[in-house]
Participant: 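Take a look at this one; I'll ask things after.
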Amino acid sequence: MAEGKDTKYMQRALELASKGRGNTSPNPMVGAVIVSDDKIIGEGYHTQAGNKHAEVMAIESVARKDLLKSATMYVSLEPCSHYGKTPPCAARIIEEGIPRVAVASKDPSKRVGGKGIAMLQDAGVEVTSGILESESRELNSRFFTFHEKGRPYIILKWAESSDGYLDRIRTGNRRGPNWITGKEEKILVHKWRSEEDAILVGYKTACNDDPHLDVRLWGGKSPKRFVISEHTELPPDLRIFSGKPETVIFTPDSGKGPVGAVYKKINSRESALSEMMTFFRDNNIQSLIIEGGCTVLSQFINAGLWDEARIFRGKVLFGEGLKAPTIEGDIFNSERFKASRLEYLVPEATESI
């Protein structure tokens, strides 16, 4: 089949895969398209972890199963080769007699890692790989980062005033954020949260802003909530201690804390990042959005431990207060709102020698 047609149908597979965003973790987003005589005869995508995989969904959508024996399947990630909650997709493809499979990228996980492609080839299936590979990796950047680097994909997010402050000077015991952004931005942030496995803030943000860290302004699941704190003496009536999911507190303190949280002991703030990354890896948490405060954000920035930053630069002036973190990166996208400008950054590209 011509290369241009391969690209066209793989693009459709990627579009289908993206429909599973926020619902498939710890599995990747995968889409599949089945083509016979230059016509799409079946489509499917992985809708939710535990449900049927994209390849099976596509096969089951085909009305005339006899056409499978002369068809090409386009799949946005290598078909699995192992038994998990569902049987291996590579085996189902072989069983149906599909003669050709086009794959965007190889699965980076140890359980698959080329075994699915090998299974297909050993059965005589023609396999073409690398079609829109970079687009496939970008779509599943969380999955690839987790399996290749052994840590979650890390997003830094904050809002700063036009004069570079995260927060005003606090007086008294007043809780709640000093808003920099508007309603549109709040809804967008809740959408972002619904797409990630976990969310992290520091002690001061938890106490001063008293956030819910949920997705009440958007549909979908709320991320797992994490706080890093020097001690366990957090106010027991904080919103992070109400509802689900439970909040995990990373702390070197062994004291007793409020009910409604799980306490994970770390050795010190200096070793906190390494210990947290180990915890996230061991608990299959593939993505993390960090929403403050300055100390926590700066700790990740200084360690070079981030993959993307999303910064709202508001129009409001604070005059003084808590300074925003300093970060260097390449801006790859931006948006404008009534109250702010949003910039998306990635770490600066390093030149190869």
Side-chain angles (χ1 to χ4, degrees), residues 22 24-28 49 107-113 137-138 140-158 192-206 211 213 221-232 234 240 245-254 257 261-311 325-329 344-350:
T24 64
S25 182
N27 295 342
D107 189 315
S109 68
K110 291 181 180 179
R111 289 197 303 178
V112 183
R137 290 181 63 90
E138 182 178 355
N140 278 306
S141 54
R142 290 141 184 79
F143 186 75
F144 277 90
T145 297
F146 182 79
H147 287 285
E148 293 178 347
K149 297 184 178 181
R151 64 163 176 83
Y153 184 89
I154 297 171
I155 300 167
L156 309 179
K157 171 262 165 184
W158 72 84
W192 290 345
R193 291 175 180 174
S194 76
E195 297 170 353
E196 310 307 336
D197 287 348
I199 186 169
L200 172 73
V201 297
Y203 168 83
K204 288 184 179 178
T205 298
L213 303 183
K221 62 177 180 60
S222 292
K224 297 179 178 68
R225 301 180 294 195
F226 293 88
V227 177
I228 180 169
S229 173
E230 293 286 357
H231 48 76
T232 58
L234 286 85
I240 57 171
E246 289 180 314
T247 297
V248 175
I249 312 293
F250 291 111
T251 177
D253 185 8
S254 57
V262 175
Y263 294 87
K264 176 64 181 173
K265 184 116 171 36
I266 56 177
N267 291 319
S268 66
R269 181 170 281 277
E270 290 69 33
S271 65
L273 295 189
S274 175
E275 293 185 62
M276 286 192 294
M277 292 306 107
T278 299
F279 176 90
F280 293 140
R281 183 197 65 207
D282 293 346
N283 287 273
N284 214 10
I285 292 172
Q286 297 186 5
S287 62
L288 174 69
I289 185 166
I290 301 170
E291 294 199 18
C294 185
T295 300
V296 175
L297 289 163
S298 296
Q299 195 171 3
F300 278 84
I301 292 168
N302 294 337
L305 196 58
W306 62 284
D307 299 287
E308 187 179 334
R310 301 171 182 176
I311 305 169
T326 300
I327 190 170
E328 294 182 0
Y344 296 84
L345 284 76
V346 291
E348 292 179 327
T350 55

Participant: Do the side chain of Asp307 and the main chain of Tyr153 share a donor and acceptor less than 3.5 angstrom apart?
Facilitator: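 Looks like no, no N/O pair under 3.5 Å.
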Participant: Rounded to the nearest 0.5 Å, how far apart are CG of Asn140 and CG of Asn27?
Facilitator: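 Between Asn140 CG and Asn27 CG, I get 10.0 Å after rounding to 0.5 Å.
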Participant: Could you give the distance from CD1 (Ile311) to NZ (Lys157), rounded to the nearest 0.5 Å?
Facilitator: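 Answer rounded to 0.5 Å: 11.5 Å.
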Participant: Do Ser271 and Ser268 get their side chains close enough for a donor-acceptor pair, meaning under 3.5 Å?
Facilitator: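 There is such a pair (donor and acceptor under 3.5 Å, judged by atom type) between the side chains of Ser271 and Ser268.
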Participant: Can you tell me how far the CZ atom of Arg281 sits from the CZ atom of Phe146, to the nearest 0.5 Å?
Facilitator: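 So the gap between those two atoms works out to 8.0 Å.
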Participant: Might you point out which heavy atoms bring Pro223 and Ile199 nearest each other, and give the distance in Å?
Facilitator: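 What the structure gives for the nearest pair is CG-CG2, 3.7 Å.
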Participant: Check Arg137 with Glu148, please: is the shortest side-chain N to carboxylate O separation under 4.0 Å?
Facilitator: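 So Glu148 pairs with Arg137 through a salt bridge.
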Participant: Is the backbone of Pro152 close enough, under 3.5 Å, to the side chain of Thr145 for a donor and an acceptor to pair up by distance?
Facilitator: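 Pair absent, no side-chain N/O of Thr145 close to backbone of Pro152.
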Participant: Between Leu234 and Ser229, which heavy-atom pair has the shortest distance, and what is it?
Facilitator: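 Leu234 and Ser229 have their closest heavy atoms at CD1-OG, 3.9 Å.
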Participant: Would you name the heavy atoms of Ala198 and Ile285 that are closest together and state the gap between them?
Facilitator: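 Nearest pair, atom of Ala198 first, then Ile285: CB-CG2, 3.7 Å.
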Participant: State whether the side chain of Arg225 and the backbone N or O of Leu213 hold a donor-acceptor pair below 3.5 Å, judged by distance alone.
Facilitator: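 Checking the backbone N and O of Leu213 against the side chain of Arg225, no donor-acceptor pair under 3.5 Å is found.
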Participant: Can you tell me which residue among Thr205, Ile327, Ile290 is in a side chain to side chain contact (heavy atoms under 4.5 Å, CB included) with Trp158?
Facilitator: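 The option that passes is Ile327.
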Participant: Can you name the nearest heavy-atom pair linking Asp197 to Asn284, along with the distance?
Facilitator: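 Scanning both residues, the minimum pair turns out to be OD2-O, 4.1 Å.
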Participant: Is a side-chain donor or acceptor of Thr247 paired with a backbone partner of Ile240 at a separation under 3.5 angstrom?
Facilitator: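 Answer holds: yes.
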Participant: Yes or no on side-chain contact (heavy atoms from CB on, under 4.5 Å) for Phe143 and Ser109, after CA distance, side-chain angles and deciding distance?
Facilitator: CA-CA 9 Å; Phe143 186 75; Ser109 68; 4.3 Å; yes
Participant: Using modelled atom types only, decide if a donor and an acceptor are shared between the side chain of Glu308 and the backbone of Ile155 within a distance under 3.5 Å.
Facilitator: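 Answer holds: no.
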Participant: Might you point out which heavy atoms bring Leu273 and Ala303 nearest each other, and give the distance in Å?
Facilitator: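 What the structure gives for the nearest pair is CD1-CB, 3.7 Å.
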Participant: Would you please name every residue forming a side chain to side chain contact (heavy atoms under 4.5 Å, CB included) with Asp282, sequence neighbours left out?
Facilitator: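 Here the qualifying residues are Thr278.
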Participant: Working to the nearest 0.5 Å, report the span between CZ of Arg193 and NZ of Lys221.
Facilitator: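 It comes to 13.0 Å.
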Participant: When you check the gap from the basic side-chain N to the acidic O, do Arg142 and Glu195 get nearer than 4.0 Å?
Facilitator: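 Salt bridge flag = no for Glu195 with Arg142.
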Participant: Under the 3.5 angstrom rule, does the side chain of Lys265 hit a backbone N or O of Pro252 as a donor-acceptor pair?
Facilitator: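 Answer holds: yes.
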Participant: Check the pair Asn283, Lys224 against side-chain contact (heavy atoms from CB on, under 4.5 Å), reporting the backbone distance first and the verdict last.
Facilitator: CA-CA 11 Å; Asn283 287 273; Lys224 297 179 178 68; over 6 Å; no
Participant: Any idea how Phe250 and Phe279 line up, ring-wise: parallel (<30°), tilted (30 to 60°), or perpendicular (>60°)?
Facilitator: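 It falls in the perpendicular class, over 60°.
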Participant: For Pro347, give me all partners under side chain to side chain contact (heavy atoms under 4.5 Å, CB included), at least two apart in sequence or on another chain.
Facilitator: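 Counting only residues at least two positions away or on another chain, Pro347 forms a side chain to side chain contact (heavy atoms under 4.5 Å, CB included) with Trp306.
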Participant: Please tell me if the side chains of Met276 and Leu288 come closer than 4.5 Å, counting only heavy atoms from C-beta onward.
Facilitator: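 They are not in side-chain contact.
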Participant: To the nearest 0.5 Å, what is the distance between CD1 on Ile289 and CH2 on Trp192?
Facilitator: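 Here the interatomic distance stands at 6.5 Å.
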Participant: Between Gln286 and Pro26, which heavy-atom pair has the shortest distance, and what is it?
Facilitator: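 Heavy atoms of Gln286 and Pro26 come nearest at NE2-O, 2.8 Å.
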Participant: To the nearest 0.5 Å, what is the distance between NZ (Lys264) and CD1 (Ile249)?
Facilitator: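 Reported to 0.5 Å precision, the distance equals 14.0 Å.
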Participant: My understanding is that only residues two or more places apart in sequence, or in another chain, count here; which of them pass side chain to side chain contact (heavy atoms under 4.5 Å, CB included) with Asp253?
Facilitator: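 Expected list: His231, Thr232, Thr251.
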